Amino acid sequence: MIKVAPFRRRLLDWYDREARALPWRTPPRSGMRPDPYRVWLSEVMLQQTTVPHAMPYFLEFTRRWPTVETLTAAEDAEVMSAWAGLGYYARARNLLKTARAVAADHGGVFPDTEDGLLRLPGVGPYTAAAVAAIAFDRPANVVDGNVERVVARLHAVETPLPGAKPELKHLAGGLVAADRPGDWAQALMDLGATICRPRAPLCDRCPVAVDCEAFRQGEPDRYPLRLRKAARPRRYGTVWVLRDGQGRIGLMRRPPQGLLGGMLGLPTSEWLDAPVEAEPPIAAAWRAVGEVEHVFTHFHLTLRVMTAEGLADSLIWDEDAAGLPSVFLKAVRLTRPER
DNA sequence: AAAACGTGGGC
DNA sequence: TGCCCAAGTTT
């Protein structure tokens, strides 16, 4: 059984020394509270996303839209393009909904309680707890994948994920206190990210190894146990890259729901369980240039890439493919090997 | 409540 | 190559 007070002291002391400097943070013990807008934006970007991947997006978003008011005024298309490549595009759609809700219903000020935050689109239990703790220093049980892993190791929890989630959340809740809730949440997550890593944890540098049952047993990376995920099926389709001869590409706006919803995209066939010959959406001298592979969350995709020169009023003509999701960027690059 | 929803990096 | 993993939410 962990002695909570000494455990908390060890981890908070470690955080005071080792906290990562990140652009959405203020240093521990500085007496400064971070901007709730930046905390919220970073938390949404970091959902299922690594810090290195999210970082340039955070910097660009806060440069272009430094406050929630400025984000509210942005065009949907601008924001979706700026999010391109980050994935989980419902996050970008909900980002705008939340910004507009904060402006319209909360006078431009973020709710400062977990319950209030939880009502915002795209803000679930984790993000509400994280923003309440980090931005407003409210005691909240902030449980993400890092915290689940840390707690699973501390207690050598034998229940596999995802079934173990309630148990792990309860165990994490036993460590929360009224003292420095924001630093506590970030200390636990930093520990998970830098020391108590999924593979090859650095237990020799861990400030709480003395409390850790998995460390005592000698096989910390056995935890957390997980159920094996189902294999991803493969789907096949065709994409068409139409060029106008002046460097522009024919794009279309995808429907607002579902996969890549609301994003710009290339015209594509349906994606089916087996390769089939697909009818081009536009008459042109199409030639095959190869295939691209892409992995989505729940399936692999093999796309046959066709290209031609031509024009069509039904398409959106853009010189810049930077606003496209990665899967389409791959197809565009294949037709443009010189860049 | 299981399934949908992206991407890139590591091994 | 393929599987796992990363600061989850929505339906």
Side-chain angles (χ1 to χ4, degrees), chain A residues 20 22 24-25 34 38-58 80 83-95 97-98 117-135 140-150 160-163 165-166 169 172 182 185-194 196-201 221 224-235 254-263 265 271 292-302 324-330:
Chain A
R20 288 176 293 173
L22 298 168
W24 46 87
R25 280 188 175 174
R38 295 166 68 88
V39 174
W40 160 73
L41 179 62
S42 70
E43 290 301 340
V44 172
M45 286 186 169
L46 289 165
Q47 289 167 7
Q48 299 287 284
T49 307
T50 59
V51 167
H53 192 189
M55 182 74 77
Y57 289 85
F58 179 84
M80 299 313 286
W83 198 274
L86 243 201
Y88 285 136
Y89 298 100
R91 294 185 294 172
R93 303 195 298 269
N94 286 330
L95 197 75
K97 285 185 195 160
T98 282
L117 289 158
L118 206 42
R119 294 195 193 97
L120 300 170
V123 176
Y126 162 75
T127 305
V131 175
I134 297 169
N141 191 17
V142 182
V143 183
D144 70 339
N146 287 307
V147 177
E148 287 178 347
R149 180 173 60 257
V150 168
L161 284 170
K165 280 174 180 286
K169 188 163 187 173
Q186 294 176 95
L188 223 34
M189 290 192 283
D190 267 25
L191 187 76
T194 64
C196 197
R197 308 181 297 189
R199 285 177 299 268
D221 56 350
L225 280 63
R226 285 178 195 278
L227 265 18
R228 238 183 93 89
K229 290 163 188 163
R232 284 189 254 243
R234 183 171 296 279
R235 295 183 189 164
R254 296 178 59 85
Q257 299 298 321
L259 191 72
L260 311 177
M263 297 298 289
W271 301 345
V292 293
E293 286 291 323
H294 193 74
V295 183
F296 291 105
T297 310
H298 53 297
F299 63 95
H300 290 260
L301 180 65
T302 301
L324 291 177
S326 296
V327 60
F328 297 125
L329 213 46
K330 289 180 183 176

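Quick caveat, the model's predicted, so the values are computed rather than measured. Sequence lines set the chain letters: A, B, ... in the order given, protein chains first and strands last, and positions in each chain run from 1.
A:Leu260 comes within 4.0 angstrom of sugar-phosphate atoms only, judged by non-hydrogen atoms across all strands, and of no base. When heavy atoms are screened at a 4.0 angstrom cut-off, A:Val51 is found touching base atoms of the nucleic acid. Within the 4.0 angstrom heavy-atom criterion, only backbone atoms of the sugar-phosphate kind lie near A:Gly85; the bases stay farther away. Residue contacts shown for A:Val142 are absent, as no nucleic acid heavy atom lies under 4.0 Å away. If you check every strand for non-hydrogen atoms under 4.0 Å, A:Trp40 touches nothing. Among the heavy atoms of the strands lying under 4.0 Å from A:Ser326 are primed sugar atoms or P, OP1, OP2 only; no base atom is included. At the heavy-atom level, A:Leu22 lies under 4.0 Å from base atoms of the strands shown. The residue A:Thr127 sits close only to the backbone: its heavy atoms come under 4.0 Å of sugar-phosphate atoms, none of a base. The residue A:Gly192 sits apart from the nucleic acid: no heavy atom pair falls under 4.0 Å. Residue contacts for A:Pro52: at a heavy-atom cut-off of 4.0 Å it reaches no nucleic acid atom on any strand shown.
Comparing A:Pro121 and A:Arg25 by the nucleotide of DNA chain C whose heavy atom lies nearest to each, the residue mapping closer to the 5' end is A:Arg25. When each of A:Arg199 and A:Tyr88 is assigned the nucleotide of DNA chain B bearing its nearest heavy atom, the one mapping closer to the 5' terminus is A:Tyr88. Heavy-atom nearest nucleotides on DNA chain C were determined for A:Val143 and for A:Pro224, and the one closer to the 5' end corresponds to A:Pro224.
Look at A:Gln47 and you won't find any side-chain N or O under 4.0 angstrom from OP1 or OP2 of C:dG8. Distances shorter than 4.0 Å separate some side-chain N or O of A:Arg149 from OP1 or OP2 on C:dA6. Proximity of A:Arg226 to the phosphate of C:dC5: a side-chain N or O atom is located under 4.0 Å from OP1 or OP2.
Rounded to an integer number of Å, the gap from CD of A:Glu293 to P of C:dC3 is 13 Å. To the nearest angstrom, C1' of C:dT9 lies 17 Å from OH of A:Tyr89. Going from atom CD of A:Gln48 over to atom C1' of C:dG8 covers 5 Å, rounded to whole Å. The interatomic distance linking A:His294 (NE2) with C:dG2 (P) rounds to 16 Å, in whole Å. Summarising the geometry, the separation between NZ on A:Lys165 and P on C:dG8 is reported as 8 Å, rounded to the nearest angstrom. The CZ-P distance, from A:Arg232 to C:dC4, rounds to 8 Å in whole Å. Atom CG of A:Leu120 is separated from atom C1' of C:dT9 by 13 Å (rounded to the nearest Å). Rounded to whole angstrom, the span from the CG atom of A:Asp221 across to the C1' atom of C:dC4 amounts to 13 Å.
Looking at A:Glu43 and A:Arg38, no side-chain N of the basic residue comes within less than 4.0 Å of a carboxylate O on the acidic one, giving no salt bridge.
Legend: residues meeting side-chain contact (heavy atoms from CB on, under 4.5 Å) with A:Pro198, ordered by chain and number and at least two apart, are A:Arg149. Partners of A:Leu118 by side-chain contact (heavy atoms from CB on, under 4.5 Å), not counting sequence neighbours, listed by chain and number: A:Pro125, A:Ala128. For A:Tyr89, the side-chain contact (heavy atoms from CB on, under 4.5 Å) partners at least two apart in sequence or on another chain are A:Met80, A:Trp83, A:Arg93, A:Leu260, A:Met263, A:Pro325. For A:Tyr126, there are no ring pair (Phe, Tyr, Trp, His ring centres under 6.0 Å) partners at least two apart in sequence or on another chain.
A cation-pi arrangement, defined by a distance under 6.0 Å to the six-membered ring centre and an angle within 45 degrees of its axis, is present between A:Arg235 and A:Phe299.
Between A:Trp24 and A:Phe58, the ring-plane angle classifies as perpendicular under the 30° and 60° cut-offs.
With a heavy-atom cut-off of 4.0 Å to chain A, the contacted part of DNA chain B has its first and last nucleotide at B:dA4 to B:dG8.
Atom name P, nucleotides B:dG6 and C:dT11: the rounded distance is 13 Å, in whole Å. Taking atom P in both B:dC5 and C:dA6, one finds a spacing of 22 Å when rounded to whole Å.
Under the 3.5 Å distance criterion, with hydrogens and angles disregarded, a donor-acceptor pair is assigned to the side chains of A:Thr302 and A:Arg234.
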Please set out all donor-acceptor pairs under 3.5 angstrom arising from side-chain atoms of residues 47-54 of chain A, sequence neighbours excluded.
residue: A:Gln47; atom: NE2; partner: A:Gly122; partner atom: O; Å: 3.4
residue: A:Gln47; atom: NE2; partner: A:Thr127; partner atom: OG1; Å: 2.9
residue: A:Thr49; atom: OG1; partner: A:Met45; partner atom: O; Å: 3.3
residue: A:Thr49; atom: OG1; partner: A:Gln47; partner atom: O; Å: 2.8
residue: A:Thr49; atom: OG1; partner: A:Arg91; partner atom: NH1; Å: 3.1
residue: A:Thr49; atom: OG1; partner: A:Arg91; partner atom: NH2; Å: 3.4
residue: A:Thr50; atom: OG1; partner: A:His53; partner atom: N; Å: 3.4
residue: A:His53; atom: NE2; partner: A:Gly85; partner atom: O; Å: 3.1

